Amino acid sequence: MIGNKVSRVEQAGQAGVVRIKWIPKYSAMERVFHWGHTVTYFALALTGMILFFPFLQPIAQGESGWLIRLTHRAAAIAYGAFPLIYVILEPRRAWMSLKSVFKVSRYDIDWVKGMVPYYMFGRHDAMAPQDRFNTGEKLNAAVIILGSVVFAVTGLIMWFGKGILPIGVFQTMVLLHDIAMIVTVCMFIVHFYLAVLHPLMWAGLVSMRFGVTSAAYAQEHHALWYYGPEKARETYEAQKAEQAAGQES
Amino acid sequence: MSRLAMLIDESICMGCRGCQVACKQWNDLPGEETVQQGSYENPPDLSPTTWTRVKFTELIQGDSLQWLFLTLGCFHCGDPACVEVCPTGALKQDPLLGIVTLERELCNGCGYCTQFCPFGIPRLDTDLLSGEGKASKCNFCQDRVTNGLSPACVKTCPAGAFKFGERDELLVKAHARVEQLKQAGFPDANLYGENEMGGLGRLYVLKERPSVYGLPENPQYPVMANLWQDVVQPLGTVAFVAAALAMLGFYFVARRNIEMEEVE
């Protein structure tokens with residue numbers, strides 16, 4: 001089954017799941033958007049590095065430097081097109097995703113508290129119930145969305161405003177573009193670790209590839225999404241009570 | 001050899017634009033088609049093919065008219081911001097002569113030099129969409145001065161407004177000339193470029209305040225260039241390495257603990 005442990009809910013005997021029940025999580029468009037954005041982000045980060053690392057100076061020079069700049073511009077168009085196509089073709093899903101990314105509740109604070117024991121030591125006795133995206137995924141998405149807006153605005157100004165706008169504006173754009181790059185690359189490193197390298201976290205990669213997740217995994221890791229707010233809260237309170245009782249005895 | 005400079009005495013310049021022509025001739029730059037704009041000033045601005053240009057200013061004070069001339073071109077700053085932001089090494093400052101040169105073969109057309117120069121000197125001929133092209137600016141006739149000749153503009157000046165040589169010697173001459181002008185009825189006469197931007201390689205003796213000629217009174221090294229190159233980029237590198245190492249560490253911690261728990 002997907003999910004690394006038998007969930008608490010199942011142990012309580014509420015659902016004796018043996019077969020894997022797959023439920024849809026990401027639409028085809030969302031997966032194309034995610035992987036398209038990944039590939040173009042890579043292309044942009046790598047081509048942009050010629051302005052960042054002085055040791056890349058030899059390839060930044062002359063004709064090759066210009067071709068790298070041209071690639072950066074071409075990739076930037078695709079990078080901007082993916083989210084726009086998503087919003088145009090699936091506006092309702094896009095709006096739903098956007099809302100859930102920027103929705104913060106006390107569960108997020110609880111989740112952050114439980115993050116270190118879970119990700120470093122594998123303890124997940126009572127994790128706060130999560131919506132379709134968990135707090136970490138939301139943080140990643142928020143940083144990438146805001147970073148991409150900064151990239152788009154500053155990038156377009158540098159591309160089309162050079163020589164028209166005052167040089168102070170251009171200089172500020174260069175700096176903001178650089179800062180957005182540093183923040184998102186660090187976020188990307190963390191995202192790559194949690195999504196691909198972390199020993200417990202392979203369910204997300206399966207979902208992003210095939211668009212589905214197992215019901216058992218969703219029950220345990222995305223209870224708010226699976227059960228809705230009320231049952232998720234009840235289950236969470238019960239788990240916490242059970243855990244507290246276990247510690248006392 | 002110590003730092004070189006050219007001293008342009010704008011009280012002597014007669015606006016013949018010989019320097020403009022000599023610059024184009026020596027550097028093999030084509031002429032430009034322009035339209036009459038009601039002044040002898042032509043072409044109207046520096047461009048990828050015009051690296052030296054005489055700027056004409058008509059200064060009206062009461063019923064007297066002064067016609068002021070200013071030979072514009074690269075200032076060859078002591079602290080050149082363009083060199084700091086150039087990612088290709090096409091822009092260099094000669095460590096001995098102090099002149100700032102642009103090697104066009106190395107330029108990739110990014111245009112950062114044009115956006116960080118406080119005088120707005122370098123010019124781009126890049127295509128807006130593809131970004132293909134190069135930057136251009138005065139090279140202080142590097143080929144001539146490294147072979148013992150003076151720059152083309154200096155050589156050609158019929159009025160003798162240009163002086164060329166070691167910077168320290170020119171500064172002494174410039175101060176003497178400014179004093180002379182002050183006594184001759186130009187109280188605002190001044191020397192431009194002694195300390196600006198780490199000391200300029202293009203020094204002017206001016207009859208009026210620099211702003212009258214359209215020069216910045218107090219040109220500043222762009223703070224953003226330092227912030228970008230000396231603060232943000234090193235911090236960024238540290239952040240990349242820190243993030244990668246932290247994730248590697250977490251990986252080993254998680255690997256060990258999670259396996260141990262499953263053994264239990």
Side-chain angles (χ1 to χ4, degrees), chain A residues 4-5 50-54 56-70 72-74 116-123 158-160 162-163 165-175 177-179 181-183 185-194 197-201, chain B residues 81 85-90 103-112 114-118 120 123-124 126-134 222-225 227-229 231-233 235-240 242-251 253-262:
Chain A
N4 307 86
K5 296 197 149 196
I50 61 161
L51 297 177
F52 193 82
F53 290 118
L56 292 175
Q57 200 181 69
I59 60 163
Q61 289 171 341
E63 192 80 352
S64 90
W66 168 63
L67 286 171
I68 289 170
R69 291 177 51 229
L70 189 64
H72 194 80
R73 290 179 177 196
V116 172
Y118 178 51
Y119 284 103
M120 305 238 315
F121 304 105
R123 290 193 209 108
M158 287 191 288
W159 188 346
F160 295 105
K162 185 158 58 196
L165 294 164
I167 60 172
V169 174
F170 186 94
Q171 293 169 4
T172 312
M173 295 304 126
V174 171
L175 202 68
H177 207 79
D178 234 36
I179 291 170
M181 185 277 287
I182 292 165
V183 171
V185 166
C186 289
M187 195 73 239
F188 174 81
I189 292 170
V190 176
H191 181 56
F192 182 79
Y193 168 68
L194 288 175
L197 296 180
H198 192 282
L200 291 177
M201 288 292 105
Chain B
V85 298
C86 177
T88 65
E103 202 171 329
R104 274 172 61 89
E105 284 71 34
L106 299 183
C107 176
N108 72 17
C110 77
Y112 284 180
T114 67
Q115 301 300 309
F116 283 87
C117 174
R123 294 302 151 106
L124 279 179
T126 52
D127 180 76
L128 180 64
L129 274 184
S130 74
E132 186 181 17
K134 306 267 180 194
V223 182
M224 288 291 187
L227 202 59
W228 177 36
Q229 299 281 324
V231 181
V232 170
Q233 297 211 336
L235 280 181
T237 310
V238 170
F240 296 161
L245 286 180
M247 290 309 119
L248 204 66
F250 287 165
Y251 176 73
V253 171
R255 206 60 247 191
R256 219 181 52 185
N257 288 306
I258 290 166
E259 274 173 4
M260 276 169 66
E261 198 199 42
E262 278 172 7

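In the text below, chain A, chain B and the rest are named by the order of the sequence lines, each starting its count at 1. Values in this document were obtained by computation on a predicted structure and should not be read as measured data.
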Side chain, backbone, both or neither: which part of Thr172(A) has a non-hydrogen atom closer than 4.5 Å to chain B? both
Measure Phe160(A) against the heavy atoms of chain B and call it side chain, backbone, both or neither at under 4.5 Å. both
Are [X] and [Y] packed together at the side-chain level, in the sense that at least one heavy-atom pair is separated by less than 4.5 angstrom?
X         : Y         : value
Gln233(B) : Asp178(A) : yes
Val174(A) : Met224(B) : no
Ile182(A) : Leu235(B) : no

Distance, nearest 0.5 Å, that separates [atom1] of [X] from [atom2] of [Y]:
X         : Y         : atom1 : atom2 : result
Glu132(B) : Glu63(A)  : CD    : CD    : 6.5 Å
Leu51(A)  : Thr88(B)  : CG    : OG1   : 10.0 Å
Ile189(A) : Leu245(B) : CD1   : CG    : 9.5 Å

Looking at chain B, which one of Ile50(A), Val183(A), Ile167(A) has the largest number of heavy-atom pairs inside 4.5 Å, strictly under? Ile167(A)
Option in Gly168(A), Cys186(A), Pro58(A), Ser64(A) with maximal non-hydrogen atom pairs under 4.5 Å from chain B: Cys186(A)
Looking at every non-hydrogen atom in both residues, tell me the closest pair between [X] and [Y] and how far apart they are.
X         : Y         : value
Arg73(A)  : Leu129(B) : NH1-O, 3.0 Å
Gln57(A)  : Pro87(B)  : CG-O, 3.2 Å
Met247(B) : Val190(A) : CE-CG2, 3.6 Å

Lys162(A) side chain to Cys110(B) backbone, donor-acceptor under 3.5 Å: yes
Is a side-chain N or O of Trp66(A) found less than 3.5 angstrom from the main chain of Ser130(B), in a donor-acceptor match? yes
Heavy-atom pairs under 4.5 Å with chain A, option from Ala225(B), Cys117(B), Ala246(B), Cys107(B) with the top count: Cys107(B)
Parallel, tilted or perpendicular, judged at 30° and 60°: which one describes the rings of Phe250(B) and Tyr193(A)? tilted
So Phe240(B) and Phe52(A), would you call those rings parallel, tilted or perpendicular, with 30° and 60° as cut-offs? tilted
Pick one of side chain, backbone, both or neither for Ala90(B), based on which atoms fall under 4.5 Å of a heavy atom in chain A. neither
